[in-house]
S.K.: 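Can you keep this structure in mind? I'll have questions shortly.
We name chains A, B, ... by the order of the sequence lines, and we start the count at 1 in each one.
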Amino acid sequence: MGFQRTHFCGELRAEHVGQEVVICGWVHRRRDHGGVIFIDVRDREGLVQAVFNPERLPVAEFAEAEKLRSEFVVQVFGKVHARMPGMANPNLATGDVEIYANKLVVLNEAKTPPFAVEARNGVDEALRLRYRYLDLRRPELQAALALRHKTTTLIREFCDQHGFWEIETPMLTKSTPEGARDFLVPSRVQPGEFYALPQSPQIFKQLLMMGGIDRYFQLARCFRDEDLRADRQPEFTQLDMEMAFVDREDILKLMEGLVAFVMEGTVGVKLPLPLPRMSYDEAMARYGSDKPDTRFGLEIYDLTDIVKDCGFRVFADTAAQGGVVRGINVPGAGDRFARREIDELGELAENYGAKGLLWLIVTDEGSRGGISKFFEPSKLNALVEAVGAKAGDLLIFAADEPQVCAEVLGRIRLFLGNKLDLIPEDTWNFLWVVDWPLFEYDDTSRRFQAAHHPFTAPIMEDLPLLTTDQEKVRAQAYDLVLNGVELGGGSIRIHRRDVQEQMFKAIGLSAEEANARFGFFLDAFDYGAPPHGGIAFGLDRWIMLLAKQSSIRDVIAFPKTASAQDLMSDAPAPAVEKQLQELHIRLNPEAVQGLKQKETSS
RNA sequence: GGAACCGUGGUGUAGUUGGUUAACACACCGGCCUGUCAAGCCGGAGAUCGCGGGUUCGAGUCCCGUCGGUUCCGCCA
């Protein structure tokens with residue numbers, strides 16, 4: 001006969017008045033007046049008030065209602081009534097009605113929860129994670145998961161409409177060099193050998209293109225064994241896409257359509273298309289970041305030519321050694337900032353690798369403080385004009401190699417944007433960053449690495465430089481940035497074996513290594529690989545931004561802590577000896593010792 | 001691997017310069033109460049101040065270590 005539920009609690013409205021209904025849910029709050037008892041019943045869709053009146057209920061039934069406590073699971077049978085005049089609750093979507101209960105079934109009792117599901121103050125996140133199933137009952141988290149579902153539904157709808165097939169790729173796959181640290185899975189059947197969990201389905205999606213699938217997408221779980229951040233979990237979800245017979249323009253155009261479709265369907269924002277684009281070089285020069293937040297100003301200016309002969313040796317020497325002097329004008333900060341606040345910027349700059357931060361304050365008469373004494377009036381005028389400064393503004397400078405200047409000033413720019421409250425809410429600034437370098441130099445290994453990944457195609461006219469002038473080679477790569485957050489990135493891929501082999505060589509991978517790691521992949525190029533390209537979006541980050549949260553933990557049902565643990569299930573956990581034996585694994589003495597210590601201390 | 005901040009009844013917080021009985025709100029338990037909706041009123045129980053050590057006549061408070069959480073740097077093709 002079924003469970004008999006007729007409605008969600010949260011969906012009852014004036015139009016239901018007069019109907020006999022059955023609702024199921026949790027006791028959110030009870031108000032026991034000795035006679036009449038009010039119970040707010042909560043489910044996924046919201047709250048509704050059920051009224052238990054001793055005059056309308058059998059004694060036994062009313063006695064049952066008196067036992068109700070927070071988080072009891074109940075089924076309430078009753079009739080929807082309009083609230084009496086003046087008794088409506090405007091704070092409740094269902095506030096115009098209430099249910100006159102005529103029968104109550106307690107489906108399950110509940111202990112007093114370790115924290116109130118509707119807590120007025122914040123609850124310690126560790127506690128929330130330990131009892132995640134209680135946390136999930138809270139409206140904020142339910143809204144985030146509903147938004148997540150809506151987003152993936154829209155994605156699937158768009159992808160289907162545009163000919164993308166959703167295809168799963170293996171989770172048990174092969175470790176690849178470069179990139180993040182892999183999670184390894186020991187093989188029982190092949191002693192001493194390991195699978196790796198995918199950092200992304202990159203190679204498989206390219207092989208799908210070689211397999212003639214033409215258009216593929218997947219909401220792919222990815223795994224990277226690196227330290228966590230507010231926007232980084234060891235396992236996360238990418239919207240992974242790949243297309244054959246496309247160039248960069250085709251992909252950007254199609255992806256803009258997808259992004260606009262999702263933005264409109266989730267937060268109701270109509271994005272003006274096409275989305276703005278900026279070259280990597282311009283982003284680094286103007287914003288000091290490869291993912292610029294364009295919601296506020298405080299842009300970076302190159303001032304090398306103006307200041308190199310101003311008489312200040314630091315500037316002159318930097319320029320002479322091929323370095324640059326760049327600066328930011330902080331409007332009004334000269335008047336408002338205490339000396340201590342300026343010094344704080346200097347400390348910040350040193351944290352990010354600058355030798356120091358130089359500054360001066362523009363005044364009606366000229367300038368004061370910091371390095372102002374090195375500027376004669378004409379130089380100062382040129383400077384002030386270049387950055388558009390006026391009296392009361394603070395000018396800050398960094399003098400160093402271009403990359404260091406960009407990095408330092410980019411970070412300070414973000415710090416100041418926050419500190420001065422310059423970042424508008426409810427703004428959705430999307431931006432393509434294009435024309436990336438194909439390589440970046442790695443100081444520790446003293447060689448070039450793929451800036452994106454080693455399957456990214458160079459811009460064809462730069463192909464001759466691939467193994468000779470790596471620093472000059474540009475990539476057919478693009479990143480999508482939203483409000484200073486990297487939402488996704490992709491590229492046109494290499495589809496010729498000789499180019500792919502050159503690429504491996506350029507990043508210092510020997511032919512033997514390349515074959516050992518990617519032989520099967522290189523072989524595939526020999527059998528007719530179509531031109532192709534794609535992109536991957538960080539789904540968790542995207543939904544975090546849509547939900548206006550500051551951590552992806554708030555949009556993931558069961559996230560892990562900063563130390564990569566699940567406080568609810570207590571994963572990871574020691575394996576029993578039998579499992580280890582089957583997997584041909586023996587723990588080293590330090591690990592065994594560590595486990596013992598952990599056991600005694602807990 | 002490094003740095004910073006946090007840890008006090010079930011929850012959220014206060015706790016002064018180191019001082020005697022650790023305070024408040026909510027929740028919980030009991031009683032009263034028939035229109036509340038963060039119900040109200042009365043009463044009650046509930047804390048070895050994360051853990052370990054040290055300084056001191058005396059430690060929630062100071063010091064060292066450790067565990068847990070968060071944020072950031074490194075790391076994250």
S.K.: Determine whether the side chains of A/Q233 and A/R224 contain a donor N or O and an acceptor N or O closer than 3.5 Å.
M.R.: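 Result is no, nothing qualifies.
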
S.K.: Going by modelled atom types, is there a donor-acceptor pair between the base of B/G74 and the side chain of A/D227 at under 3.5 Å?
M.R.: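 Looking at the base of B/G74, it does pair with a donor or acceptor on the side chain of A/D227 (distance under 3.5 Å).
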
S.K.: Hey, is A/D442 close enough to A/R447 for a salt bridge, meaning N to O under 4.0 Å?
M.R.: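 Salt bridge: no.
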
S.K.: Answer with yes or no whether the side chains of A/Q199 and A/D182 bring together a donor and an acceptor at under 3.5 Å.
M.R.: yes

S.K.: Which nucleotide, B/C37, B/C72, B/U36, lies nearest any side-chain atom of A/H33?
M.R.: B/U36

S.K.: Sort out the partner of B/G52 for me: Watson-Crick or G-U wobble, both distances under 3.5 Å, none otherwise.
M.R.: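 Its partner is B/C64 (Watson-Crick or G-U wobble, both distances under 3.5 Å).
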
S.K.: Could you check which of B/U71, B/U70, B/C76 has an atom nearest any side-chain atom of A/A180?
M.R.: B/C76

S.K.: Would you indicate, yes or no, if B/U71 has its OP1 or OP2 atom less than 4.0 angstrom from a side-chain nitrogen or oxygen of A/R553?
M.R.: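 Looking at the OP1 and OP2 atoms of B/U71, one of them is under 4.0 Å from a side-chain N or O of A/R553.
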
S.K.: What is the distance, to the nearest angstrom, from the OH atom on A/Y100 to the P atom on B/U36?
M.R.: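 Going from A/Y100 (OH) to B/U36 (P), I get 13 Å.
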
S.K.: Does the ring of A/F296 carry A/R413 above it, NZ/CZ under 6.0 angstrom from centre and within 45° of its axis?
M.R.: yes

S.K.: Which part of the nucleic acid, if any, lies within reach of A/G122 when heavy atoms closer than 4.0 Å are counted: base, sugar-phosphate only, or nothing?
M.R.: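 Touches sugar-phosphate only.
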
S.K.: Using atom CE of A/M84 as one end and atom P of B/C37 as the other, report the distance to the nearest whole Å.
M.R.: 13 Å

S.K.: Considering only NZ, NE, NH1 and NH2 on the basic side and carboxylate oxygens on the acidic side, decide whether A/E71 and A/R137 come within less than 4.0 Å.
M.R.: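 Yes, charged N to carboxylate O under 4.0 Å.
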
S.K.: In whole angstrom, give me the gap between the C1' atoms of B/C24 and B/C63.
M.R.: 31 Å

S.K.: Round to a whole Å and report the spacing from CD of A/E407 to P of B/C73.
M.R.: 9 Å

S.K.: As a test of reading the structure: which of B/C37, B/C76, B/C28 is closest to the side chain of A/T112, going by heavy atoms?
M.R.: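 Selected nucleotide (nearest to the side chain): B/C28.
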
S.K.: From CD of A/E109 over to P of B/C28, roughly how many Å is that when rounded to an integer?
M.R.: 15 Å

S.K.: Write down the distance between CG (A/D32) and C1' (B/G40), rounded to a whole number of angstrom.
M.R.: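 Roughly 12 Å, once rounded to whole Å.
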
S.K.: Checking only heavy atoms, does the side chain of A/R83 share a donor-acceptor pair with the base of B/C37 at less than 3.5 Å?
M.R.: yes

S.K.: Nearest heavy atom decides the nucleotide; on that basis, is A/T561 or A/Q202 closer to the 5' end of RNA chain B?
M.R.: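 It is A/T561 whose nearest nucleotide is closer to the 5' end.
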
S.K.: When the distance from CZ of A/R138 to P of B/G12 is rounded to whole Å, what number comes out?
M.R.: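 That distance rounds to 10 Å.
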
S.K.: Is a donor-acceptor pair below 3.5 Å formed from side chain A/R130 to base B/G69, judging by atom type as modelled?
M.R.: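 Answer is no: no donor-acceptor pair is held.
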
S.K.: Can you tell me if A/R29 touches the phosphate of B/U36, counting only side-chain N or O atoms and a distance under 4.0 Å to OP1 or OP2?
M.R.: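 False: A/R29 side-chain N/O out of range (4.0 Å or more) of B/U36 OP1/OP2.
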
S.K.: Taking atom P in both B/U70 and B/G53, what distance in whole Å separates the two?
M.R.: 28 Å

S.K.: At under 4.0 Å between heavy atoms, what does A/E55 touch on the DNA or RNA strands: base, sugar-phosphate, or nothing?
M.R.: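 Base contact.
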
S.K.: Grab the CG-C1' distance between A/L348 and B/A3 for me, whole Å please.
M.R.: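 After rounding, the gap between these two atoms is 13 Å.
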
S.K.: Look at A/R31 and B/A39 and indicate whether a side-chain polar atom (N or O) is within less than 4.0 Å of OP1 or OP2.
M.R.: yes

S.K.: Both distances under 3.5 Å, Watson-Crick or G-U wobble: report the partner of B/G12, or none.
M.R.: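 Its partner is B/C24.
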
S.K.: Just checking A/L228: base, sugar-phosphate only, or nothing, at a heavy-atom cut-off of under 4.0 Å?
M.R.: nothing

S.K.: Nearest to the side chain of A/Y352, heavy atoms from C-beta on, is which of B/C73, B/G69, B/C28?
M.R.: B/C73

S.K.: What is the nucleic acid contact for A/E118, judged by heavy atoms within less than 4.0 Å: base, sugar-phosphate only, or nothing?
M.R.: nothing

S.K.: Counting only Watson-Crick pairs (N1-N3 plus N6-O4 or O6-N4) and G-U wobbles (N1-O2, O6-N3), all under 3.5 Å, who is the partner of B/C75?
M.R.: none

S.K.: Could you tell me whether the phosphate oxygens of B/G69, OP1 or OP2, come under 4.0 Å of any side-chain nitrogen or oxygen in A/S563?
M.R.: yes

S.K.: Mind checking the C1' distance from B/G18 to B/C62? Whole angstroms is fine.
M.R.: 8 Å

S.K.: Taking the P atom in each of B/U48 and B/G9, what is the distance between them to the nearest angstrom?
M.R.: 7 Å

S.K.: Does the B/C72 base have a donor-acceptor partner in the side chain of A/R411 within less than 3.5 Å?
M.R.: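 Donor-acceptor pair under 3.5 Å: no.
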
S.K.: Indicate whether the side chain of A/Q476 and that of A/T456 have a donor and an acceptor atom separated by less than 3.5 Å.
M.R.: no

S.K.: Is it possible for you to check whether A/R56 lies under 6.0 Å from the centre of the six-membered ring of A/Y100, through NZ or CZ, and within 45° of that ring's axis?
M.R.: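 Satisfied, under 6.0 Å and within 45°.
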
S.K.: Would you say a side-chain N or O of A/Q565 is under 4.0 Å from OP1 or OP2 of B/G69?
M.R.: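 Indeed, a polar side-chain atom of A/Q565 lies that close.
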
S.K.: Quiz question: going by heavy-atom distance under 3.5 Å, is there a donor-acceptor pair between the base of B/G74 and the side chain of A/E226?
M.R.: no

S.K.: Answer yes or no: are there more than 12 heavy-atom neighbours, outside A/K291 itself, under 6.0 Å from its atom NZ?
M.R.: no

S.K.: Quick one: which of B/G12, B/G35, B/U11 gets closest to the side chain of A/N53?
M.R.: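 Nearest to the side-chain atoms of A/N53, counting from C-beta on, is B/G35.
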
S.K.: How would you label the contact of A/N351 with the nucleic acid (heavy atoms, under 4.0 Å): base, sugar-phosphate, or nothing?
M.R.: nothing

S.K.: Assign the ring pair A/H16 / A/H7 to parallel, tilted or perpendicular, where the plane angle (0 to 90°) is split at 30° and 60°.
M.R.: perpendicular

S.K.: Roughly how many Å is it from CZ in A/R30 to P in B/G35, rounded to a whole number?
M.R.: 17 Å

S.K.: Are A/F115 and B/U11 stacked, counting the six-membered base ring, centres under 5.5 Å, planes under 30°?
M.R.: no

S.K.: Considering only atom C1', compute the distance from B/C57 to B/U71 and round it to an integer number of Å.
M.R.: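 Here B/C57 and B/U71 have their C1' atoms 42 Å from each other.
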
S.K.: With rounding to whole Å, what would you report as the distance between B/A27 and B/A39 at their P atoms?
M.R.: 7 Å

S.K.: Taking only the P atom of each, what is the distance from B/A22 to B/G60 in whole angstrom?
M.R.: 10 Å

S.K.: Relative to the 5' end of RNA chain B, which residue comes earlier, A/V36 or A/R229, by the nucleotide with the nearest heavy atom?
M.R.: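 Here A/V36 is the residue nearer the 5' end.
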
S.K.: If we take the C1' atom in both B/G15 and B/A25, what is their distance in whole Å?
M.R.: 15 Å

S.K.: Look at the side-chain N and O atoms of A/R69 and state whether any lies under 4.0 Å from the OP1 or OP2 oxygen of B/C29.
M.R.: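 Affirmative; the distance criterion is met.
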
S.K.: If you take atom types as modelled and just measure distance, does the side chain of A/R232 reach the base of B/C76 with a donor-acceptor pair under 3.5 Å?
M.R.: yes

